[in-house]
Amino acid sequence: MTGINEFQNNTDIRSMTIDSLVQHIGETVTLKGWLHQKRGSKGLFFMVLRDGTGMVQCVVNQGKVDATSWDNASSTTQESSLIVTGEILKDERQIGGIEIQASQIEVFQIVKDYPITPKSHGIDFLMDHRHLWLRSRRPWAIMRVRNRIIMSIHNFFQERGFLQMDAPLLTKNAVEGTSTLFEIDYFGSSAYLTQSGQLHGEVMAMAFNKIYTFGPVFRAEKSKTRRHLTEFWMIEPEMAFYDLDMNMTLAEDFLIRIASDAIEDCHEELDLLGRDLDWLRRVQPPFPRITYTDAVELLHSDQTQVMVQKHIEQLQQERSDLEQERTANRQNYGQLKEWKKRRIDAREIEINIRMDQIDEELRNLPQWGKSAEQFEWGGDFGGSDETLLTWHFDRPIIVHRYPESVKAFYMKRDPEDDRLALGMDILAPEGFGEIIGGGQRADDLTFLEEQVQRHRLPQDAFEWYFDLRRYGTVPHSGFGLGLERTVAWICGLEHIREAIPFPRMLGRLSP
Ligand code: 4AD
Ligand code: MG
């Protein structure tokens, strides 16, 4: 085996990453990466190399490489690290439309027993091996979409003159209720990990007009759902002189931008994830704006029950189609070529995962229908209520004017109806549910002091926040977008845990 420092010989051959190969067809280049998979024998190997920027197939002909290179090619295993030198050839049938005709293979390390094989692994196993799983194709696609979304977010706000500012993560104040606070010892007194940058965001909006924060926030969520993390990233714009309507319009434009940028720039990734782009193409104005009260009526409607029934039938149909496909795939399996077997194995994993999801949904749906029917005005929507609501629409919906009892202390009341808060949530379609929460802020000092008292929050910890209402108070609004929920929605992920490199959830703190 060669040492890393000995690769100084090919000085006139350009080292490249896989994502830039297409522009250099015909050139001979050097690629550094890891072996994703390999097939072949008898003088010929097809090695799929990945380098993090993409994958490319490298053809190794025994007759066209030196003996050491051939030995290296023969002994490489999954995730072995290596250097491939070769010519870039055009080949439409291959990944990325190109192929490398290898002339030299050098090795950093030959790997023994990489834990994640192409065979089926349960989700817990994969999560325990997240540090390695991140190298696989699915996380590759998801993390690239995540990165694109982050770029869209900054571009959107920067183009509109918002200042990106940072709220502290260590605080003395609860923002979103005291039940989900992580408490820490701060030199002998207690402090909290922030649940939201909003209160400091309001301060910064009074100083800089339009700002947004983009940082991690923490929620001690005891619930084990597919939508909850204990550490996640939130984007929180806060705007002076914005009322609820202006806030909703900004949020709508914002989501449209995120979706259209993803469609434009993430074909390969979304295609790999099997995302139905029509859903994203329909993210167009205007988003339906419905009041909480109308939403409750919708939950109570016969239409909702009909929809639940229709959904059950669709799922049953999908399940039986999948079962048929699986049976068909298993016939003649023994006679198939290795690579075909592998493709069928991979498909079987997909089928099994989807069937588990379908079974779970089929178990839950009747209960969802019942709780929608029995939903009482004044309560907060559960995950299933949100899911059913979004099924009525083909694009994100904005639900506004919630009962003040289910919203945070800082919300302004509706001047038309004191039972209501001027809050709004945006629910993503296809059952993804809430991705944005926000509203217009209370701007009256006396009212806000009463609210802090009523919510049993410590007055003195909020004095600085009250100062905003003492010194030049103005109407203002803002919202928070959950990054991981947005990534899950854009990518069409069943569970939020795949939307962040290292998820933190109830029962998961490692790797
Ligand atoms: O609705 P939330 O709790 O609103 C706030 O924190 C406001 N202070 C935001 C503001 O007005 N500046 O959270 C906002 C968003 C949710 O809509 C959701 O997308 C995401 O944050 N979120 C979570 N994401 C993952 N895991 C959790 N446990 C989440 N809780 C909220
Ligand atoms: Mg919320």
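Counting starts at 1 for both ligands and their atoms, in listed order. Not measured: the values here are computed from a predicted model.
Taking the six-membered ring where the residue is Trp, F254 and F479 present tilted rings, their angle falling between 30° and 60°. A perpendicular orientation is assigned to the rings of F182 and F218, their planes being inclined by more than 60° (bins at 30° and 60°). Taking the six-membered ring for Trp and thresholds of 30 and 60 degrees, W233 and F214 have ring planes more than 60 degrees apart, a perpendicular arrangement. The aromatic rings of F162 and Y212 sit perpendicular to each other, their planes meeting at more than 60°, with 30° as the lower class boundary. Aromatic ring pairs are classed by plane angle as parallel below 30°, tilted from 30° to 60° and perpendicular above 60°; the pair F462 and F466 is tilted.
The N, O or S atom of E434 with the smallest distance to the Mg ion (ligand 2) is OE2.
The protein heavy atom nearest to atom 28 (N) of ligand 1 is L229 O, 3.0 Å. Among all non-hydrogen protein atoms, the one lying nearest atom 18 (C) of ligand 1 is R485 NH1, 3.6 Å. E176 OE2, 3.3 Å is the protein heavy atom nearest to atom 5 (C) of ligand 1. The protein atom (non-hydrogen) at minimum distance from atom 16 (C) of ligand 1 is E434 OE2, 3.2 Å. When only non-hydrogen protein atoms are considered, atom 11 (O) of ligand 1 lies nearest to R441 NH2, 2.9 Å. At the top of the distance list for atom 9 (C) of ligand 1, counting protein heavy atoms only, stands E236 OE1, 3.3 Å. The protein heavy-atom contact nearest to atom 3 (O) of ligand 1 is R219 NH1, 3.0 Å. Nearest to atom 19 (O) of ligand 1 among the protein's heavy atoms is I435 O, 2.8 Å.
Contacts with ligand 1 closer than 4.0 Å are made by side-chain heavy atoms of M234 only, the backbone lying farther away. Residue contacts with ligand 1 for E221 involve side-chain atoms from C-beta outward but no N, CA, C or O (heavy atoms, distance under 4.0 Å). By the criterion of a heavy-atom distance under 4.0 Å, the side chain of F232, and not its backbone, is placed next to ligand 1. Contacts of W233 with ligand 1, taken as heavy-atom pairs under 4.0 Å, are absent altogether.
Using a 4.0 Å cutoff on heavy atoms, R504 does not count as a contact of ligand 1. Within the structure, ligand 1 has I496 among the residues with a heavy atom less than 4.0 angstrom away. At least one heavy atom of R227 sits less than 4.0 Å from an atom of ligand 1.
D425 lies apart from the Mg ion (ligand 2) in this respect, since none of its N, O or S atoms is found at a distance under 2.8 Å.
Taking a cut-off of under 4.0 Å to the non-hydrogen atoms of G438, the atoms of ligand 1 that pass are 11 (O). Here is the list of ligand 1 atoms found below 4.0 Å of a heavy atom in G437: 1 (O), 9 (C), 10 (C), 11 (O), 17 (O). The ligand atoms of ligand 1 that sit less than 4.0 angstrom from a heavy atom of I436 are 17 (O). Each of the following atoms of ligand 1 lies closer than 4.0 Å to a heavy atom of Y410: 7 (C), 8 (N). Close contacts between ligand 1 and S196 involve ligand atoms 6 (O), 8 (N) [criterion: under 4.0 Å to a heavy atom].
Tested against E269 for a salt bridge (Lys or Arg N to Asp or Glu O under 4.0 Å), the candidates R138, R146, R144, R137 yield a single pass: R144. Screening D166, L163, V203 against I211 for a side-chain contact (heavy atoms from CB on, under 4.5 Å) leaves a single residue, L163.
Counting heavy atoms from C-beta outward, M143 and E498 have side chains that stay 4.5 Å or more apart. You'll find the side chain of E361 reaches within 4.5 Å of the side chain of H311, heavy atoms only. Within the 4.5 Å cutoff, the side chain of T230 has no heavy atoms near those of the R219 side chain. At a threshold of 4.5 Å between non-hydrogen side-chain atoms, the residues P429 and D394 do not count as touching. Between F156 and D261 there is no side-chain heavy-atom pair separated by less than 4.5 Å.
Looking at R227, its side chain does come within 3.5 Å of a backbone N or O of F432 through a donor-acceptor pair.
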